[in-house]
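Accompanying notes for the structure given below.
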2 protein chains.
Amino acid sequence: NRHFVVIGLGRFGSSIAKTLYSLGNEVLAIDTDEEIVQSMADSVTHAVQADGTDEATLKSLGIRNFDVAVVTIGSDVQSSVMATLIIKELGVKYVITKAQNELHAKILYKIGADRVVFPERDMGVRVAHNLCSSNILDYIELSPDYSIMEITALKEWEGKSLRELSMRSRYGLNVMAIKKNNDINISPNADDIIEAGDTLVVIGGTKEVSMIEKEQM
Amino acid sequence: NRHFVVIGLGRFGSSIAKTLYSLGNEVLAIDTDEEIVQSMADSVTHAVQADGTDEATLKSLGIRNFDVAVVTIGSDVQSSVMATLIIKELGVKYVITKAQNELHAKILYKIGADRVVFPERDMGVRVAHNLCSSNILDYIELSPDYSIMEITALKEWEGKSLRELSMRSRYGLNVMAIKKNNDINISPNADDIIEAGDTLVVIGGTKEVSMIEKEQM
Ligand SMILES: Nc1ncnc2c1ncn2[C@@H]1O[C@H](COP(=O)(O)OP(=O)(O)OP(=O)(O)O)[C@@H](O)[C@H]1O
Ligand SMILES: Nc1ncnc2c1ncn2[C@@H]1O[C@H](COP(=O)(O)OP(=O)(O)OP(=O)(O)O)[C@@H](O)[C@H]1O
C-alpha cells in the first residue's frame, strides 16, 4: 500500500487521514495543535505535533519517502502555500492541497501542487441541488460535462416500462439503477415497470440533467 | 420556485446560497459579519447583516414565510443549535443544518432539524478513496448500500467487449458510461470494446465496489 502524510487535521483533513488508514494505508498525520494530535493517535499509523511549514522538521520526519502528501491547512493561506512548496521541493511525487478560493488555488498550482480541492464549495453545490426540488434526492457533477442524479419517479413515469419511457431518446438520460422500497437493482431491464415511490439513478450530460431538474422545481 | 433563507455564510453556506440563486430561486442570506454580507449582495436576492439566534430579528425578516432554511453556522455550535430551534418554532417546514460532529448532530435532530449534513467529513471520504489508487478517479457513496466509481480500464479489460467482461456476474457491477478520450457514452452497448486509457463509470453495491478498489491499491 501507499504511504500518506496529512498536514492539518481540521474536519476535512482528519476525515481524509482516518479514511486512508481504515482502507489499510500507512498514514502520518501532522498538526500544530497538540490536543488534535492526541485525538487522532488511534486512528492513524502515527500522529505527530509539528509545524508543516518548518522544513527541518519535515526533513527529520522523512517526508521525502511518502508517496502522497495532503495539505489541509485551512484559514492560514500562507502556511498552506509554504507547506505545499516545501513538500514539493523535498521530492514528494503527488501533493494535493485544499484551497480557500480561486486565487489561493492559482498560487498553489504555480508553486507545484498536483491537485487542488474545494471541499466546501463542491458540497455546497451538491446540497443546493438537493434542496431545489423534493423529487431530486441527490445530484453529483462527475465532471463539467456529465452528472448523476437520483430522482423520484415522476407522475407521468408511473406504470410504464423503461422501454416505453425511452429515457435516452426523450431526455438524453441513461437509467443505471432503480430503487424500489429498500432494494436497489443495478441492472435494470427495458421491461422493468416504474411504480410510484421508485427512485431512479440516472446519468446524463449536465445540460440534460439540469433540464429535468428545472422542470421539477 | 421556492424561497430559501441561508444563515451563516462561510465557504459552505455561501456556496449553497449562490448555487440556489443561480438556479433561479429566491434566496435571503444572513450573516453577523458585515463584510461577508457585502460580498454576497450581488449573488443572492437579499443579503442582510443579522444574528441568526435573535428571534425578534428573524420574525421581522419574515422567516416564517420561507419554504426551506439552511443553517451553516460553523464553529459556534450553540448558535447553530439556537438558530435551528428558533427557525423551527417560527414554522419553517424544512430546516437543514451543518453539524461539526455526531453529538452536535444528535442535538440538532432532537430539537427538530429535518436534515443534518457533514460536508467536510463526506468530502474527506470521497477524496481519500480517490487517493488510494491511481486507477480510481472518483468514488461516491450514494447510500451506505451502493456506490459509484470512476475507474481506469484494468490491463485485463483492454481489447474485450462488455459482453465478454460480464461485469455483472464477475464483479457485481453495472457499467453506466464509458469515457474514451473526451467523449462520454452514457448508453454503452454489450459489444463496445474497452481500450487502454478508457474510463468506466460503474455502479454497484458498496461491498462489491470496494472489493475492486482494494485489488487496485
Ligand atoms: N503550519 C501548520 N502546520 C500544521 N498544522 C497546521 C498549521 N497551521 C494550521 N494547522 C492546522 O490545520 C488545521 C485546519 O486548519 P483550520 O481549522 O484553519 O481550517 P479549516 O479549513 O477550518 O478546517 P476544516 O474545515 O477542515 O475543519 C487545524 O487543525 C490547524 O491546527
Ligand atoms: N449567530 C450567527 N448568526 C449569523 N451568522 C453567524 C452566526 N454565528 C456565526 N455566523 C457566521 O457563520 C459563518 C460560518 O461560521 P464559521 O466560519 O465558524 O464556520 P465554518 O464551518 O468554518 O464555515 P465554512 O467551513 O463553511 O467556511 C461565518 O461567516 C460567521 O460569521
Side-chain angles (χ1 to χ4, degrees), chain A residues 1-2 4 10-20 22-25 68 70 72 94 96 100-101 117-133 138 140 142-143 145-146 148 150 168 172-174 176-177 179 182 184 186-188 201 203-205 210 213-214 217, chain B residues 1-2 4 10-20 22-25 68 70 72 94 96 100-101 117-133 138 140 142-143 145-146 148 150 168 172-174 176-177 179 182 184 186-188 201 203-205 210 213-214 217:
Chain A
N1 278 340
R2 302 165 107 187
F4 294 86
R11 296 159 295 191
F12 181 58
S14 46
S15 172
I16 293 180
K18 284 177 183 163
T19 308
L20 286 171
S22 71
L23 291 170
N25 297 288
V68 178
V70 182
T72 42
Y94 190 81
I96 172 174
Q100 296 288 81
N101 51 48
V117 285
F118 297 85
E120 299 87 359
R121 188 192 64 184
D122 292 355
M123 273 309 274
V125 169
R126 187 172 167 183
V127 167
H129 280 279
N130 291 6
L131 293 173
C132 261
S133 141
D138 210 348
I140 300 156
L142 282 183
S143 82
D145 306 324
Y146 74 104
I148 290 171
E150 267 186 280
R168 272 173 220 164
L173 299 174
N174 183 14
M176 33 189 268
K179 281 208 276 192
N182 273 332
I184 162 115
I186 63 161
S187 345
V201 187
I203 183 171
S210 35
E213 179 182 43
K214 287 253 168 22
M217 280 164 64
Chain B
N1 280 343
R2 299 215 263 176
F4 294 87
R11 295 159 297 191
F12 181 59
S14 48
S15 172
I16 292 180
K18 286 177 183 166
T19 307
L20 287 170
S22 71
L23 290 169
N25 297 289
V68 178
V70 182
T72 42
Y94 190 82
I96 171 174
Q100 297 286 82
N101 52 48
V117 284
F118 296 84
E120 299 86 0
R121 188 191 62 183
D122 292 356
M123 274 309 276
V125 168
R126 189 171 165 184
V127 168
H129 279 279
N130 291 3
L131 294 173
C132 260
S133 144
D138 210 347
I140 298 154
L142 281 183
S143 83
D145 306 325
Y146 76 106
I148 290 170
E150 270 186 277
R168 272 172 219 159
L173 300 175
N174 183 12
M176 19 182 287
K179 284 207 275 191
N182 273 333
I184 161 116
I186 62 158
S187 358
V201 185
I203 183 173
S210 36
E213 177 180 45
K214 286 251 175 0
M217 281 165 61

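Lettering follows sequence order; numbering is per chain, from 1. Keep in mind it's a predicted model, so treat the numbers as computed, not measured.
- Listed by chain and residue number, nothing satisfies the salt bridge (charged side-chain N to carboxylate O under 4.0 Å, His left out) test with B/Asp122 (two or more places apart in sequence, or in another chain).
- Between chain B and the options A/Ile96, A/Asp145, A/Val127, A/Val70, the largest number of non-hydrogen pairs under 4.5 Å is found for A/Val127.
- For the set B/Ile148, B/Val68, B/Val117, the count of heavy-atom pairs under 4.5 angstrom toward chain A peaks at B/Ile148.
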Run B/Ile140 and A/Arg126 through side chain to side chain contact (heavy atoms under 4.5 Å, CB included) and show every step you take. CA-CA 12 Å; B/Ile140 298 154; A/Arg126 187 172 167 183; 4.0 Å; yes
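- For B/Ser210, no part lies under 4.5 angstrom from a heavy atom of chain A.
- Using a 4.5 Å cut-off between heavy atoms, B/Leu173 contacts chain A through its backbone alone, with no side-chain atom that close.
- Separating the CZ atom in B/Arg2 from the SG atom in A/Cys132 is a distance of 7.5 Å, to the nearest 0.5 Å.
- Of all the heavy atoms in B/Asn174 and A/Pro188, the pair that sits closest is ND2-CD, 4.0 Å.
- For a residue to count as touching a neighbouring chain, one of its non-hydrogen atoms must lie under 4.5 Å from one of that chain's; by this rule B/Lys18 does not touch chain A.
- Among all heavy-atom pairs drawn from B/Ile186 and A/Gly172, the shortest one is CD1-O, 3.2 Å.
- One distance of note links CE of A/Met123 with OG1 of B/Thr72; it measures 13.0 Å at 0.5 Å rounding.
- Among A/Asp138, A/Asn101, A/Val125, the residue with the largest count of heavy-atom pairs under 4.5 Å with chain B is A/Val125.
- With sequence neighbours left out, the salt bridge (charged side-chain N to carboxylate O under 4.0 Å, His left out) criterion links A/Glu150 to A/Lys179.
- B/Val201 and A/Tyr146 get closest at one heavy-atom pair: CG2-OH, 3.2 Å.
- Among all heavy-atom pairs drawn from A/Ala177 and B/Ile203, the shortest one is CB-CD1, 3.7 Å.
- The most heavy-atom pairs under 4.5 Å with chain B, out of A/Arg121, A/Glu213, A/Lys214, come from A/Arg121.
- Interface residue B/Leu23: backbone and side-chain heavy atoms are both found under 4.5 Å from chain A.
- Of all heavy-atom pairs between A/Ser15 and B/Gly124, the closest is OG-CA, 3.3 Å.
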